[in-house]
Peer 1: 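Take this structure first; my questions come after.
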Amino acid sequence: MDVPYDLGSYVRVLKLASTPSWEEFSRVALIAGAGVVLVGIIGFLIFVVMSFLPGGP
């Protein structure tokens with residue numbers, strides 16, 4: 001894998017990058033937040049199931 005180390009490639013990427021609109025940002029934040037909540041719920045359900053099994057915490 002050939003990784004370019006010249007400054008021009010970094011400048012080109014920064015020129016292509018743009019600040020997201022509020023709608024795009026809020027949509028991404030909502031999806032990421034829903035993912036965090038979903039993982040938390042799954043972890044909590046695993047904890048509840050494991051605490052009712054014999055030898056649980």
Peer 1: Does Val28 share a hydrophobic cluster with Val36, counting links as ILVMFWY side-chain heavy atoms below 4.5 Å and allowing steps through other members?
Peer 2: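 Per the 4.5 Å side-chain linkage, Val28 and Val36 are not co-clustered.
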Peer 1: Could you see if Leu53 belongs to whatever hydrophobic cluster contains Ile42? Use Ile, Leu, Val, Met, Phe, Trp, Tyr and a side-chain cutoff under 4.5 Å.
Peer 2: yes
Peer 1: Would you say Leu45 and Val37 are hydrophobically clustered, going by side-chain heavy atoms of ILVMFWY under 4.5 Å?
Peer 2: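 Yes, because Leu45 and Val37 connect within a single hydrophobic cluster, where side-chain heavy atoms sit under 4.5 Å apart.
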Peer 1: Sequence neighbours excluded and cut-off under 3.5 Å, please list the side-chain donor-acceptor pairs for residues 14-23, or say none.
Peer 2:
| residue | atom | partner | partner atom | Å |
| --- | --- | --- | --- | --- |
| Ser21 | OG | Glu24 | N | 3.3 |
| Glu23 | OE2 | Arg27 | NH2 | 3.1 |

